[in-house]
Amino acid sequence: MIAVAVVVLLMLLLLPARRPRQTLSRQAVCASNLRGLAVGMRVYAQENVESWPRHYFEASRQSDRPEYHGVRWIGSMGSDQELRISEATSPTRGASRSHPSRSMFLLVISGQAIPFQFYCPTSGDQSDSLKNHGPDSTDGVETFGHPGVSRFDFAGYGSLSYGTRLPYGLRDDRFVATRAAPSEVLMADKGPAFVAGGAGLAGSRTVRDALTAPDPFAPFSALSEERLKRMGDVAWKRLNSRNHVGEGQNVAFVDGHASFERTPLVGVDDDNIYSVASDSSWRGRAVGFVPNAEQLVGPVADSDVFLVP
C-alpha cells in the first residue's frame, strides 16, 4: 500500500507538468502547419501572376464604399443549394454566395498543401477526409473527392482550423504578393467570432459556419489598445482564437515565419486580424467589428487584414 501511495503521489506531481508540455507540443505542430501553408501560398503566388489564392466569385457593387463587395459568404461553408463542395467556380461561373475557405482549398487543388495541414491538434476539429457524401457523391454512394475534379472546398467548419484573408472587395492590391510587406499576416488560427452553424445540404455531411452570439468584439469595439491591455488576460481571451483555449493564436506571415501571439493585434499597424475597421480612423483601436450576413463589407485599408472564419 505504501508503494501504491508513492506511485499515485508521483503521478499527481508529474501530470501538471506533463500537460503544459503536451500543450506546447501541439502548439508547435499548429505553428509548423501554418509555416508550411505560408510557403505554399508564396509558391502559389509565384505560379499565378503574383496573386495570393483567391477563388472565383461574383461580386456586385451597390455602394460607393470601396470596401463593399456584395458577396454573401457567412453561413455558406459546406454544401448548399447554390453551391456544393463538389462544384467548381470559374471565370464564367462565379457565385454570389461562397465561402473564403474555397480560396484556402486552392492550395490543395494546386498541390501546395494537403488537408491535414489545415488541422490544428488543439482545436477539436478533424482533418478533412476528402470523402464526398449524398449530393456531393456519385449516385449517392460515398466517394473520394478528387481536388480540382470533384472537390473544390473543405467539408465545413469542423474540417478547417485556420482562417485566411477575406478575398472579396475592390482592393485588389491586397492580393498582389509582390506588394505585401514581410510583416503582413497571411493566415492564423480561426477567429473567436465563428462557430459551427449546423448541417449543410441534407445528406452531404457538411457543416456550415455561423457567427457567435453575442458578438465577442462588441464590448470592446470603442476601446484603445492601451485601455484593453490594462484590462488584463481575461479580456484578451475573449478576443483570441478558441483553438488554444483563448491563450493566443499561431500566426503565419508573408515572409514565411509563424509565431504564437498572445493577442490578435499583429502585423502592420498592430491590426486586429479578426475584425474589420468601422471607419478610416481605425488606427489605435484594439478591435473593430465582424460584419453579419447583411453587411457585405470588407477591409477599409490595405493594411486592415481580416481573417475568416
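Position 1 is the first residue of the sequence, and the numbers go up from there. As the structure is a prediction and not an experimental result, all values here were calculated from the model.
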*Asks:* Measuring from Asn48:CG to Gln112:CD, what's the distance to the nearest 0.5 Å?
*Replies:*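 Rounded to the nearest 0.5 Å, the CG-CD separation comes to 9.0 Å.
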*Asks:* Flag the pair Met187 / Phe118 as yes when at least one side-chain heavy-atom distance between them is below 4.5 Å, and no otherwise.
*Replies:*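 Heavy-atom side-chain distance check passes, below 4.5 Å.
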*Asks:* Less than 3.5 Å apart, any donor N or O on the side chain of Glu261 or Ser259 sitting next to an acceptor on the other?
*Replies:*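 There is such a pair between these side chains.
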*Asks:* Which residues satisfy the side-chain hydrogen bond (donor to acceptor under 3.5 Å, both in side chains) test with Ser32, sequence neighbours excluded?
*Replies:*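 Ser32 satisfies side-chain hydrogen bond (donor to acceptor under 3.5 Å, both in side chains) with no other residue.
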*Asks:* Kindly write out the residues that satisfy side-chain hydrogen bond (donor to acceptor under 3.5 Å, both in side chains) with Asp189, not counting sequence neighbours, or none if the list is empty.
*Replies:*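 Checked Asp189 against side-chain hydrogen bond (donor to acceptor under 3.5 Å, both in side chains); matches are Asn243, His244.
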*Asks:* Could you pull out the closest heavy-atom pair between Val276 and Pro291, with the gap in Å?
*Replies:*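 Smallest heavy-atom distance, with atoms named: CG2-CD, 3.8 Å.
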*Asks:* Name all residues meeting the ring-ring contact (aromatic ring centres under 6.0 Å, His included) criterion together with Tyr44; count only those two or more places apart in sequence or in a different chain, and write none if there are none.
*Replies:*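 None.
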*Asks:* Sequence neighbours left out, what pairs pass salt bridge (Lys or Arg N to Asp or Glu O under 4.0 Å) with at least one residue falling in residues 121-130?
*Replies:*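 Qualifying pairs: Asp125-Lys190, Asp128-Arg151.
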*Asks:* Who are the ring-ring contact (aromatic ring centres under 6.0 Å, His included) partners of Tyr119, not counting sequence neighbours?
*Replies:*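 Tyr119: ring-ring contact (aromatic ring centres under 6.0 Å, His included) contacts with Phe116.
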*Asks:* For a 4.5 angstrom cut-off between non-hydrogen side-chain atoms, does Phe175 reach Pro167?
*Replies:*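 When only atoms from C-beta onward are counted, Pro167 and Phe175 do touch, with a gap below 4.5 Å.
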*Asks:* With a 4.5 Å cut-off on side-chain heavy-atom distances among I, L, V, M, F, W and Y, is there a chain of contacts connecting Tyr157 to Leu201?
*Replies:*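 Tyr157 and Leu201: separate clusters.
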*Asks:* Is the side chain of Arg208 donor-acceptor paired with the backbone N or O of Ala199 at a distance under 3.5 Å, no angle test?
*Replies:*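 Checking the backbone N and O of Ala199 against the side chain of Arg208, a donor-acceptor pair under 3.5 Å is found.
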*Asks:* Kindly write out the residues that satisfy ring-ring contact (aromatic ring centres under 6.0 Å, His included) with Phe253, not counting sequence neighbours, or none if the list is empty.
*Replies:*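 Applying ring-ring contact (aromatic ring centres under 6.0 Å, His included) to Phe253 gives His257.
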*Asks:* Which residues pass the side-chain contact (heavy atoms from CB on, under 4.5 Å) test with Arg205, not counting sequence neighbours?
*Replies:*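 Arg205: side-chain contact (heavy atoms from CB on, under 4.5 Å) contacts with His133, Glu142.
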*Asks:* Residues two or more places apart in sequence or in another chain: which of them pass side-chain hydrogen bond (donor to acceptor under 3.5 Å, both in side chains) with Gln295?
*Replies:*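 Asn292.
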*Asks:* Does any pair with a residue in residues 287-297 pass salt bridge (Lys or Arg N to Asp or Glu O under 4.0 Å), and if so which ones, sequence neighbours excluded?
*Replies:*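 Every pair satisfying salt bridge (Lys or Arg N to Asp or Glu O under 4.0 Å) with a residue in residues 287-297: Arg72-Glu294.
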*Asks:* Could you pull out all donor-acceptor pairs under 3.5 Å where a side-chain atom in residues 103-111 meets a protein atom, sequence neighbours excluded?
*Replies:*
from, atom 1, to, atom 2, distance (Å)
Ser103, OG, His55, N, 3.1
Ser103, OG, His55, ND1, 2.9
Ser110, OG, Leu106, O, 3.0
Ser110, OG, Leu107, O, 3.3

*Asks:* Taking side-chain hydrogen bond (donor to acceptor under 3.5 Å, both in side chains) as the test, write out the residues that go with Glu82, two or more places apart.
*Replies:*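 Applying side-chain hydrogen bond (donor to acceptor under 3.5 Å, both in side chains) to Glu82 gives Ser96.
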*Asks:* Does a donor on one side chain sit under 3.5 Å from an acceptor on the other, for Ser123 and Ser161?
*Replies:*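 There is such a pair between these side chains.
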*Asks:* Any luck finding a side-chain donor-acceptor pair between Asn33 and Gln117 under 3.5 Å?
*Replies:*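 Per modelled atom types, Asn33 and Gln117 side chains form no pair under 3.5 Å.
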*Asks:* Check the orientation of Phe194 and Trp73. Use parallel for under 30°, tilted for 30 to 60°, and perpendicular for over 60°.
*Replies:*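 Rings of Phe194 and Trp73: tilted, 30 to 60°.
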*Asks:* If we only count heavy atoms from C-beta on, is the Pro219 to Arg238 side-chain gap below 4.5 Å?
*Replies:*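 The answer is yes; the side chains approach within 4.5 Å.
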*Asks:* Please enumerate all residues that pass ring-ring contact (aromatic ring centres under 6.0 Å, His included) together with Tyr56, with sequence neighbours excluded.
*Replies:*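 So Tyr56 forms no ring-ring contact (aromatic ring centres under 6.0 Å, His included) with any residue.
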*Asks:* Measure across Trp52 and Ala180 and return the closest heavy-atom pair with its distance rounded to 0.1 Å.
*Replies:*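 The pair with the smallest heavy-atom distance is CZ2-CB, 4.1 Å.
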*Asks:* Going by atom types only, do Asp153 and Ser101 share a side-chain donor-acceptor pair under 3.5 Å?
*Replies:*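 A pair is found: one side chain offers a donor N or O, the other an acceptor, under 3.5 Å apart.
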*Asks:* Taking NZ, NE, NH1 and NH2 as the nitrogens, is one of them in Glu184 or Arg165 under 4.0 Å from a carboxylate oxygen of the other?
*Replies:*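 A salt bridge links Glu184 with Arg165.
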